[in-house]
Structures are given as structure tokens and as C-alpha cells.
Amino acid sequence: MIEKIKWGSRPVCPFCGSDKHSIIPKELRYHCNKCNSSYSVITNTVFNKTKCDLQKWLFAIQQVVDSNGKIGIRELSREINVNKNTAQRIVTQINLGMKTDREFLLDILNSNF
């Protein structure tokens, strides 16, 4: 679902913009045949390098949007069952994403993921 929102019909390398790629199925990644980098759908998004389940991220995004960015970190950490440092990183990333890629985040929320 995130792939369709981010790329439409065909994955595009976030580093060089090429749509020529090979699939790395065991890693759920793509290999760019032009610049030789590997990437996934979450590369260069707020989800980049996360180890937290995307469902927790989606819940957190909804909470941040509903609270206009003024959500309590400790409350969120309890609700998504992560420590307060992880909750703080998630909220920071979401707030940054709302400034740089708001449409992408709102499209994810509206997609009934």
C-alpha cells in the first residue's frame, strides 16, 4: 500500500530517479541498475531506519495529526507500547515529515492502511 502511495505504478530510485531496478525479495528492497544503490519504500521517509512496527507509526501519525503536534510523549509511549525515547523519536520524525512531506503522510492515513 505504501508503495502505491509513494511511487504509483513503478518504484523509483530515491537517489538517482531511475525506474530501472531489480528486486531483492528476501530483503524487501530494490537494487537500482543505474546507480547501484539499494532502497526500499521507506527510504527517505519518516519511517527510514525504523525498527518499530508500521502500525504503531500509523497510530502515532494519527495522534500527532489529531493533536496538532501537541501530543504527550509519555502518553503516546504507553499507547503504542514503546519507551519514551522511541516515542520522542517517532513524534520528532512525524513533525519533520509534516513539514517536508505532509501529503505523503496524510495519504497514508487516508488509505485505510
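The model shown is predicted, which means the values in this text are computed figures rather than measured ones. By convention here, the first residue in the shown sequence is residue 1.
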**CD1-CD1 distance between Ile73 and Ile71, expressed to the nearest 0.5 angstrom** = 7.0 Å

**Asked** Is the shortest heavy-atom distance from the side chain of Ile80 to the side chain of Ile90 under 4.5 Å?
**Response** yes

**Message:** Would you say that Ser37 contacts Cys13 through its side chain, given a criterion of any heavy-atom pair below 4.5 Å between the two side chains?
**Reply:** yes

**Message:** Looking at Thr43 and Tyr39, would you say the former's side chain and the latter's main chain have a donor-acceptor pair under 3.5 Å?
**Reply:** no

**Asked** Is there a donor-acceptor contact under 3.5 Å from the side chain of Arg29 to the main chain of Ile23?
**Response** no

**Item:** Side-chain heavy-atom pair Asn95, Val91 within 4.5 angstrom cut-off
**Value:** yes

**Message:** If the condition is salt bridge (charged side-chain N to carboxylate O under 4.0 Å, His left out), which residues does Asp101 pass it with, not counting sequence neighbours?
**Reply:** none

**Request:** Look at the side chain of Lys6 and the backbone N and O of Val41, then say whether any donor-acceptor pair between them is shorter than 3.5 Å.
**Result:** yes

**Straight-line distance of Glu103 CD to Ile108 CD1, nearest 0.5 Å** = 11.5 Å

**Asked** Taking side chain as C-beta onward, heavy atoms only, is Trp57 less than 4.5 Å from Val46?
**Response** yes

**Prompt:** Do His21 and Cys32 have side-chain heavy atoms sitting under 4.5 Å apart?
**Reply:** no

**Prompt:** If you round to the nearest 0.5 Å, how far is CD of Glu27 from OG of Ser40?
**Reply:** 10.0 Å

**Request:** Using only heavy-atom distances, determine whether the side chains of Ser22 and Asn33 contain a donor-acceptor pair under 3.5 Å.
**Result:** yes

**Inter- and intrachain pairs under side-chain hydrogen bond (donor to acceptor under 3.5 Å, both in side chains), touching residues 67-85, at least two apart** = Asn83-Thr86

**Asked** Which residue, Asn110, Val65, Ile61, forms the side-chain contact (heavy atoms from CB on, under 4.5 Å) with Leu105?
**Response** Ile61

**Prompt:** In Å, rounded to the nearest 0.5 Å, how long is the span from NE2 of His31 to CG of Asn36?
**Reply:** 4.0 Å

**Message:** Any non-hydrogen side-chain atom of Asp19 less than 4.5 Å from a side-chain atom of Trp7?
**Reply:** no

**Message:** Side-chain heavy atoms nearer than 4.5 Å, only ILVMFWY residues, links allowed to pass through others: does that put Phe47 and Leu109 together?
**Reply:** yes

**Request:** Quick one: do Leu106 and Met98 satisfy side chain to side chain contact (heavy atoms under 4.5 Å, CB included)? Show the steps, please.
**Result:** CA-CA 9 Å; Leu106 295 178; Met98 292 303 278; 4.1 Å; yes

**Item:** Separation between CD1 of Ile24 and OH of Tyr30, rounded to the nearest 0.5 Å
**Value:** 10.5 Å

**Prompt:** Can you check whether Ile5 reaches Met1 side chain to side chain, under 4.5 Å on heavy atoms?
**Reply:** yes

**Item:** Nearest-0.5 Å distance, CD of residue Glu3 to CZ of residue Arg10
**Value:** 12.0 Å

**Request:** State, to 0.1 Å, how close Phe15 and Cys35 come at their nearest heavy-atom pair, and which atoms those are.
**Result:** CB-SG, 4.3 Å

